[in-house]
Amino acid sequence: MMKKTIQNIAMLTLATCLFIACEKDDTDFSDYINGTVSTVNTISIVYNGTSVTVTGDTNDYVTTNGADVVVNTGTATDSLLLILSGSTSDGSLLVYRQKKYGIQLNGVSITNSDGPAINNQCGKSLYLEVVSGTTNTLTDGTSYTDVTDSDGNVIDQKGAFFSEGQVYLSGTGSLTVTGNTKHGFACDDYIVIDDGVTLNVSSSSGNGIKVNDGLWINNGTIDISVTADAARGIKCDSVVVISGGTTTITTSGDCVYDDDEQDYSSAACIKCDYPFTMTGGTLTVTSSGDGGKGINCASDIVFSGGTLTATTTGSNDEGKPKAIKSDTNIIVSGGSFTATVKKSWACDNGYEDDTLSDAELALKRITVQGSPTTSSIAKKSVTIIY
């Protein structure tokens, strides 16, 4: 496994470097959010049921059709901030832009009957602030209608909230996102969650948070619940890094047979393709469906701080439920780590040896570093506390 470990560390280092590089490219936009830059172009959009009131649109960026709002800035390079408030049960926001910009959710409730509540078609950074003291809700419809851009191309619509570019989520308000047709909160780039934001995400049809290029949880209170079969609370095609905050994830869906893979695909609270790393914060994951997983990672799981509690209560009729599953290594060196299952294995790094008993094999399926004050490792229960 050493070669795989070196490769995984290299990939994690590369992902981190790319994240830092992108972050440096997009610093100081907080100046526009807090109003210290006077040149920001601020547009206020207030939803009023079946209509909207728009103020500050001096460049004619905004068009409306009932409560459906399209913001198209073309090739403009100005600093743009959209402030959303009000309520609609049949509206949306669709943004076309080529430069980073900001959105403030200032007490807004948007339900779109035939697509995403917010669809960000900008490939650059979106600074999404949930204003302190406000409650905000975004809900998609039970079906989606195709939307084409000015070139006649059908645009992506992947969740109740969808962004083509990276998302920096901040603020201390509350945001509830509900996915009825696709994912809840979806991003084709990466997501960074900061500050004390409260994010509640649910999906009855897809994943809670679906992100392509990495997820960093630095702070906040995050609650994710998904009920669809084979759905994931967090599905990330890259790294997941948790350094703070309080995150709770529950899944209840069962396995689904994948014809392409000729195998069963199970639900998981977190599914990532590159290393999962946790250095702080609190993470509680619970999966109750058949074959469900707490954390399911195709690469290393590295836990060095914080509190992690992973529980699966599902059966093993079609899949094998596991609290913590890695295709390479599970490494614990700090914090409080607890994994329990009703069936199958609490921790599984893929190590196999038919000559070993379950008790002996359990010790091979996790790597414990340092000197924990408590270390209890068995097939169905693992507790490691420093």
Side-chain angles (χ1 to χ4, degrees), residues 29 32-33 40-130 136-167 175 177-189:
F29 198 86
Y32 304 126
I33 293 291
V40 64
N41 180 8
T42 300
I43 299 175
S44 174
I45 301 170
V46 181
Y47 290 86
N48 308 300
T50 58
S51 64
V52 294
T53 301
V54 179
T55 57
D57 181 25
T58 57
N59 296 313
D60 295 327
Y61 290 156
V62 182
T63 58
T64 63
N65 180 12
D68 291 318
V69 178
V70 177
V71 178
N72 191 336
T73 66
T75 59
T77 60
D78 59 341
S79 298
L80 178 66
L81 176 62
L82 305 178
I83 302 177
L84 310 183
S85 60
S87 177
T88 177
S89 60
D90 189 15
S92 62
L93 174 67
L94 171 59
V95 180
Y96 296 101
R97 184 165 170 83
Q98 298 181 21
K99 188 179 184 296
K100 63 185 179 181
Y101 73 105
I103 292 178
Q104 280 186 345
L105 302 179
N106 191 26
V108 68
S109 177
I110 303 174
T111 296
N112 185 4
S113 61
D114 57 3
I118 294 180
N119 188 340
N120 171 45
Q121 287 292 304
C122 176
K124 301 295 184 180
S125 296
L126 168 60
Y127 292 80
L128 183 65
E129 183 193 24
V130 186
N136 305 269
T137 62
L138 304 174
T139 308
D140 67 358
T142 54
S143 63
Y144 283 19
T145 300
D146 284 346
V147 176
T148 56
D149 60 19
S150 58
D151 295 323
N153 300 312
V154 177
I155 65 173
D156 286 338
Q157 302 182 100
K158 298 183 179 179
F161 173 93
F162 173 66
S163 177
E164 289 283 358
Q166 55 264 31
V167 178
L175 171 61
V177 182
T178 303
N180 293 305
T181 297
K182 298 187 180 181
H183 308 306
F185 198 109
C187 175
D188 274 356
D189 209 293

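Counting from 1, the numbers follow the sequence of the chain as shown.
Closest heavy-atom contact between S92 and P116: CB-O, 3.8 Å. Listed here is the closest heavy atom pair of Q166 and C187: CA-SG, 4.2 Å. Scanning both residues, T145 and Q157, for their nearest heavy atoms gives O-NE2, 3.0 Å. In terms of heavy atoms, C122 sits closest to K99 at SG-O, 3.5 Å. Pairing each heavy atom of V177 with each of A160, the nearest pair is CG1-CB, 3.7 Å. For A67 against G49, the heavy-atom pair with the smallest separation is CB-O, 3.5 Å.
Taking 4.5 Å as the limit, every side-chain heavy atom of N120 sits out of range of all side-chain heavy atoms of L128. Residues V95 and L126 form no side-chain contact, since every pair of their non-hydrogen atoms from C-beta on lies 4.5 Å or further apart. Between Q121 and L94, the closest side-chain pair of non-hydrogen atoms falls below 4.5 Å.
The OG atom of S85 sits 9.5 Å away from atom CD1 of I110, with the distance rounded to the nearest 0.5 Å. Rounding to the nearest 0.5 angstrom, the gap separating the OG1 atom in T50 from the CG atom in N65 is 11.0 Å. Atom CG of N59 sits about 7.0 Å away from atom CD1 of I43, to the nearest 0.5 Å. Distance CG/D57 to OG/S44: 11.0 Å, rounded to 0.5 Å. Of the inter-residue distances, the one linking I103 atom CD1 with L105 atom CG reads 7.0 Å to the nearest 0.5 angstrom. Note that CG of N180 and CG of D140 are 5.0 Å apart. Values are rounded to the nearest 0.5 Å.
Distance alone, capped at 3.5 Å, is enough to place a donor-acceptor pair between the T181 side chain and the T142 backbone.
For residues 68-94, the set of pairs meeting the salt bridge (Lys or Arg N to Asp or Glu O under 4.0 Å) definition, not counting sequence neighbours, comprises D78-R97. Residue pairs meeting the salt bridge (Lys or Arg N to Asp or Glu O under 4.0 Å) criterion with at least one partner in residues 146-160, sequence neighbours excluded, are D156-K158, K158-D188. Applying the ring pair (Phe, Tyr, Trp, His ring centres under 6.0 Å) rule to pairs touching residues 144-164 yields F161-F185, sequence neighbours excluded. The salt bridge (Lys or Arg N to Asp or Glu O under 4.0 Å) analysis of residues 104-114, with sequence neighbours excluded, yields no pairs.
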Pair N136-V130, side chain to side chain contact (heavy atoms under 4.5 Å, CB included): steps then yes or no: CA-CA 8 Å; N136 305 269; V130 186; 3.4 Å; yes
Side chain to side chain contact (heavy atoms under 4.5 Å, CB included) between V69 and V62, intermediate numbers included: CA-CA 7 Å; V69 178; V62 182; 3.7 Å; yes
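Between L84 and the choices N106, V52, L93, the side-chain contact (heavy atoms from CB on, under 4.5 Å) rule is met once, by L93.
Partners of T53 by side-chain hydrogen bond (donor to acceptor under 3.5 Å, both in side chains), not counting sequence neighbours, listed by chain and number: N48. S87 is linked by a side chain to side chain contact (heavy atoms under 4.5 Å, CB included) to S109, counting only residues two or more places apart in sequence or in another chain.
Checked by atom type, the side-chain pair N41/Y101 shows no donor-acceptor distance below 3.5 Å.
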